[in-house]
J.: 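This is the structure, below, for whatever I ask next.
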Amino acid sequence: MIVVERVEELRARCDEARGAGKSVGLVPTMGFFHAGHRSLMGAARQATDFLVVTLFVNPTQFGPNEDLAAYPRDLEGDAAAAEAERVDVLFVPSVDEMYPHGAPRTVVHVAGLTEGLCGAARPVHFDGVTTVVTKLFSIVGPSTAFFGRKDFQQLAVIRRMTADLDLPVDVRGCPLVREPDGVAMSSRNAYLDDDERIAARVLSRALREAGDRVLAGERRSDVIEAGVRDLVAAQPLVALEYVEVRDARTLEPRDALDGEVVLAVAAQVGRARLIDNVVLRVDGSHVEVDLGVPAGERGTRSVP
Ligand code: AMP
């Protein structure tokens with residue numbers, strides 16, 4: 001594995017790989033790798049010949065009062081994890097390298113999909129994400145890019161952007177990876193103290209119980225959402241930001257569960273803003289509840 005810091009070097013290496021007939025895979029990240037990140041690398045390693053992982057804590061996707069300065073970093077640990085996943089190139093640009101003119105002068109904006117859910121509380125977030133991902137697509141030229149379904153809205157936004165801009169990239173969604181106690185893996189779990197970490201379990205538990213209600217026949221979105229709200233309200237360390245049933249593709253609100261929908265939550269737990277979701281596929285009386293997958297032994301990062 002080589003570590004690359006310059007855009008032009010990354011571009012040259014990807015050009016060379018494509019010239020040699022290799023397919024290029026891309027996994028964009030902000031680092032502090034856990035088993036969720038590593039599962040994307042594993043999927044990308046299997047599906048593509050030349051694997052680029054980018055590690056960039058992108059300042060433009062953080063709001064002014066968010067956790068940019070505190071965001072956890074561990075370049076040495078991340079490089080070792082990426083090497084173990086047989087990554088070919090780990091790209092770690094500086095902020096100046098990505099934005100040599102300061103604040104971006106050109107911004108990619110996906111309308112509609114970015115307005116609700118996390119976009120309501122984080123108004124600049126998705127423009128930061130879509131702009132940096134467009135730049136990475138342009139530099140790397142991947143045939144396939146891998147994103148986690150943990151960030152469900154982000155995945156939908158990137159799929160929409162890729163389709164609308166005719167970008168020649170296959171955007172692949174990968175399963176949400178969970179800690180053994182059900183908590184969705186996140187770099188931001190590192191912010192939680194012991195009590196908050198235990199309290200955070202209520203989110204995945206509420207989603208699992210919601211899934212059980214749907215399996216038992218409940219189809220009303222408001223009833224499902226109220227069930228989550230009640231359970232989380234009993235946990236004083238967890239402040240629910242939203243709980244919503246949405247269409248899994250369009251993210252339009254849905255009054256009733258039918259077809260493929262996502263039940264998505266966001267909550268503040270101590271200093272950490274956490275998100276989680278369950279995908280529900282409802283076809284008459286047949287229901288599939290997709291909560292993701294447990295982390296394997298490999299790459300599980302213990303939370304301080
Ligand atoms: P981040 O470094 O948090 O920006 O995440 C980089 C990529 O890893 C995104 O595509 C995320 O959706 C994905 N990811 C983060 N956490 C998880 C998780 N628990 N399971 C699956 N993918 C994840």
Side-chain angles (χ1 to χ4, degrees), residues 25-45 51-62 66-68 70-75 77-79 81-82 85 87 90-93 98 117-118 122 125-126 128-133 136-137 140 142 144-159 161-162 169-192 200-201 203-204 207 262 264-266 272-279 290-296 298-301 303:
L26 171 66
V27 179
T29 80
M30 298 206 299
F32 209 67
F33 295 152
H34 51 63
H37 296 112
R38 294 185 68 157
S39 74
L40 303 188
M41 295 178 209
R45 182 69 282 173
L51 172 52
V52 178
V53 172
T54 65
L55 192 174
F56 181 56
V57 182
N58 175 33
T60 68
Q61 68 190 67
F62 289 78
E66 293 183 2
D67 56 338
L68 173 61
Y71 200 82
R73 296 170 200 244
D74 174 14
L75 181 54
D78 285 351
E85 297 297 337
V87 169
L90 182 64
F91 180 53
V92 286
M98 289 301 281
L117 302 173
C118 290
R122 308 188 75 192
H125 174 67
F126 287 111
V129 170
T130 44
T131 302
V132 81
V133 169
L136 294 172
F137 281 6
V140 172
T144 315
F146 299 80
F147 295 87
R149 287 202 280 267
K150 147 111 183 321
D151 297 82
F152 199 87
Q153 186 176 15
Q154 168 174 279
L155 175 60
V157 166
I158 286 168
R159 282 193 201 284
M161 171 188 90
T162 306
V169 181
D170 177 16
V171 173
R172 202 161 300 174
C174 298
L176 191 165
V177 179
R178 296 185 179 280
E179 300 274 6
D181 66 354
V183 171
M185 298 200 86
S186 166
S187 306
R188 289 188 167 100
N189 290 347
Y191 297 149
L192 304 173
R201 292 177 186 159
L203 297 175
S204 53
L207 295 176
V262 60
V265 294
R273 182 180 180 280
L274 303 180
I275 56 174
D276 201 345
N277 69 78
V278 59
V279 175
D290 183 356
L291 278 158
V293 297
R298 271 179 342 147
T300 303
R301 180 165 218 147
V303 178

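Just follow the structure's listing: the first ligand is 1, and inside any ligand the first atom is 1.
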J.: Would a distance-only check, ignoring hydrogens and angles, find a side-chain to backbone donor-acceptor pair under 3.5 Å from Gln153 to Leu117?
T.: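 No, because the side chain of Gln153 does not come within donor-acceptor range (under 3.5 Å) of the backbone of Leu117.
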J.: Pick from Asp290, Val278, Asn277: which one makes a side chain to side chain contact (heavy atoms under 4.5 Å, CB included) with Val262?
T.: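 Only one option passes, and that is Asn277.
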J.: Are Pro28 and Phe56 packed together at the side-chain level, in the sense that at least one heavy-atom pair is separated by less than 4.5 angstrom?
T.: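 Not touching, per the 4.5 Å side-chain cut-off.
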J.: Considering only heavy atoms from C-beta outward, does the side chain of Glu85 approach that of Phe33 to under 4.5 Å?
T.: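 Glu85 does not reach Phe33 side chain to side chain.
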J.: With a 4.0 Å heavy-atom cut-off, what residues sit around ligand 1?
T.: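 Lining ligand 1 at under 4.0 Å, by heavy atoms, one finds Pro28, Thr29, Met30, Gly31, His34, Gly36, His37, Leu40, Tyr71, Phe147, Gly148, Lys150, Asp151, Gln154, Pro175, Leu176, Val177, Met185.
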J.: Among His37, Arg172, Arg45, which residue satisfies the side chain to side chain contact (heavy atoms under 4.5 Å, CB included) criterion with Phe146?
T.: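 Filter result, single survivor: Arg172.
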J.: Between Asp67 and Arg273, is there a salt bridge with N-O shorter than 4.0 Å?
T.: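 Salt bridge absent between Arg273 and Asp67.
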